[in-house]
Amino acid sequence: MTASTASAERAPLPAGLDTAAAGAAMHALIGELYPICRSITGDGFRQTLARLKQEIPLEVHEVPSGTAVFDWTVPREWNIRDAYVKNSRGERVIDFRRHNLHVLNYSVPVHSRMSLAQLRPHLHTLPGHPDWIPYRTSYYREAWGFCLAHRDLEQLPEDEYEVRIDSTLQDGHLSYGEFLVKGASSQEVLVSCHACHPSLCNDNLSGLAVAAFLAKRLQGQPLHYSYRFLFIPGTIGSITWLSLNEERARNIAHGLVLTCLGDRGGFNYKKSRRGDAEIDVAVAHVLGHADRPFACVDFSPYGYDERQYCSPGFNLAVGCLMRSQHGQFPEYHTSADNLDFVDAAALGDSLAKILEVFEVLEHNRTYLNLNPKCEPQLGKRGLYAVTGGTNIKQRELAMLWVLNLSDGSASLLDVACRSGLPFAAVREAADLLLRHDLLAPVPQRGAIAVGRS
Ligand code: ZN
């Protein structure tokens with residue numbers, strides 16, 4: 001089988017995608033996951049994985065508390081049943097059952113009576129957005145607390161309050177979900193998302209939904225790369241996975257951390273630590289040919305799990321794709337990051353763009369022009385169209401670019417970037433030139449060439 005037939009047999013990943021239907025289905029999935037109280041460990045996380053398992057056959061891993069993972073330790077498992085602050089009339093003035101953000105995530109159990117003054121240091125609000133409940137956590141320092149709308153705090157009278165957090169923090173497990181879609185190559189594309197936030201939609205349920213639908217879409221397709229999907233608790237999850245899979249991590253050729261993919265804003269792509277990895281170029285190329293402004297930002301050691309994947313001991317080619325960037329939209333980490341804040345059309349668009357990026361990775365190859373001394377005569381091979389048209393002109397231009405740059409050093413993605421042409425046009429031109437024996441594939445990075453030939 002030649003490279004050209006391999007390429008022709010492979011259906012383009014985004015082709016035929018019903019973006020609107022996929023967006024609506026992802027929004028519905030987010031709606032189902034929204035009420036669950038998740039944390040970095042515990043039954044809320046397991047329940048979330050169980051729901052995702054109805055979409056894709058992911059494997060659930062349980063890592064015991066106390067397991068050493070590099071410089072960290074898998075924490076004790078947190079579970080919560082109920083939490084409230086009751087006034088002296090027995091009315092719940094703060095109620096976990098109404099919104100799970102009301103509890104400081106990872107709160108240790110408490111049951112006590114106290115004055116407002118004693119309670120006050122344990123209450124968190126957002127005076128700048130007085131109707132929103134903030135999201136606060138205390139994973140690695142034992143604490144308890146409640147979060148509430150600032151307006152509600154201002155209305156709390158002096159009283160004797162009953163404070164109860166019915167939680168447990170005990171030895172248990174850290175759970176995570178993993179799913180590998182096998183391609184021809186053992187080289188992998190990593191798709192990682194954190195699944196540890198409670199009722200928050202853009203950060204992080206949008207990432208979960210898009211990752212699950214990507215996996216559904218890739219399953220059963222003839223692929224070059226294998227695609228590894230991780231649904232993990234933020235920070236400790238990626239540290240745990242990397243610690244348990246140090247050897248396997250070497251197979252990761254490209255990767256994306258996915259989050260904040262459901263809001264109506266334009267895309268923000270945070271580059272890998274390498275800055276010029278193939279994934280960085282591929283994402284910038286796809287976003288650059290879309291119809292909306294976007295931004296590419298350089299790597300920084302702050303953000304999501306790319307911090308761990310791009311730590312110097314791994315330095316994986318993993319970037320982070322978002323629409324609005326964490327911390328830079330007011331709804332971030334508040335109750336306003338709800339089902340209205342995420343949009344089915346935006347989710348569908350995010351899914352389509354990532355599939356386009358994968359399409360580039362799947363087909364990016366380097367070729368050698370077999371007729372490098374002056375241009376080959378395309379006309380006598382029937383490669384110049386008799387009639388005109390924009391697409392025909394673009395095809396001819398793409399052939400000239402591919403021929404000119406294919407000296408064995410430039411990949412098709414390089415050709416696309418330098419020519420300003422869309423990757424698909426460059427790939428089609430290369431397929432055509434291959435069929436006319438004007439190009440030969442250059443073997444790439446050992447094992448990869450086997451899977452691709
Ligand atoms: Zn977050």
Side-chain angles (χ1 to χ4, degrees), residues 30 33-42 44-45 48-49 52 72 75 78 80 99-107 124-126 128-129 132-141 143 145 147 174-177 191-212 230-241 256-265 267-270 297 299-310 318-342 346-347 350:
I30 290 173
L33 296 172
Y34 182 64
I36 302 172
C37 184
R38 277 163 293 272
S39 186
I40 54 171
T41 62
F45 200 103
T48 302
L49 294 179
L52 292 177
W72 296 59
W78 185 71
I80 183 160
H99 207 304
N100 60 39
L101 290 183
H102 277 312
V103 162
L104 173 78
N105 204 281
Y106 247 68
S107 278
H124 307 274
T125 67
L126 284 172
H129 292 284
W132 297 353
I133 308 164
Y135 164 53
R136 296 277 187 274
T137 65
S138 188
Y139 300 139
Y140 302 104
R141 189 180 62 88
C147 304
L174 174 151
S175 322
Y176 69 90
V191 178
S192 176
C193 58
H194 61 288
C196 52
H197 288 22
S199 290
L200 292 162
C201 286
N202 203 33
D203 175 24
N204 55 196
L205 291 176
S206 68
L208 260 73
V210 171
L230 293 181
F231 301 87
I232 51 176
T235 307
I236 190 67
S238 48
I239 293 171
T240 299
W241 189 87
L256 286 176
V257 168
L258 301 183
T259 185
C260 298
L261 287 168
D263 66 87
R264 293 163 179 85
F267 283 99
N268 278 283
Y269 175 66
K270 177 180 166 184
V297 297
F299 175 80
S300 65
Y302 184 73
Y304 296 102
D305 290 299
E306 68 280 3
R307 292 158 64 163
Q308 316 309 330
Y309 301 125
C310 296
V318 176
C320 176
L321 186 65
M322 299 157 276
R323 299 185 80 98
S324 291
Q325 215 178 331
H326 59 91
Q328 296 190 5
F329 53 98
E331 296 84 355
Y332 172 75
H333 279 190
T334 77
S335 56
D337 182 0
N338 58 23
L339 287 166
D340 295 328
F341 186 63
V342 288
L347 288 161
S350 298

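We use all heavy atoms of the structure for the numbers below, so side chains are in, but hydrogens, waters and symmetry mates are not. Just so you know, ligand 1 is whichever comes first in the structure, and atom 1 is the first atom listed for that ligand. As the structure is a computational prediction, the values presented were derived from the model and not from experiment.
Using a 4.5 Å cut-off on side-chain heavy atoms (C-beta onward), Glu331 and Trp132 make contact. Side-chain atoms of Val210 and Leu347, non-hydrogen and from C-beta on, do get closer than 4.5 Å to each other.
Within the 3.5 Å criterion, the main-chain N or O of Ser39 finds no donor-acceptor partner in the side chain of Asn105.
Looking only at protein N/O/S atoms, the ones less than 2.8 Å from the Zn ion (ligand 1) make 3 in total.
Using modelled atom types and a 3.5 Å distance limit, the side chains of Asp305 and Ser192 yield no donor-acceptor pair. With no hydrogens or angles considered, a side-chain donor-acceptor pair links Thr41 and Tyr106 at under 3.5 Å.
For the ring pair (Phe, Tyr, Trp, His ring centres under 6.0 Å) with His333, the qualifying choice from His124, His129, His197, His326 is His197, the only one to do so.
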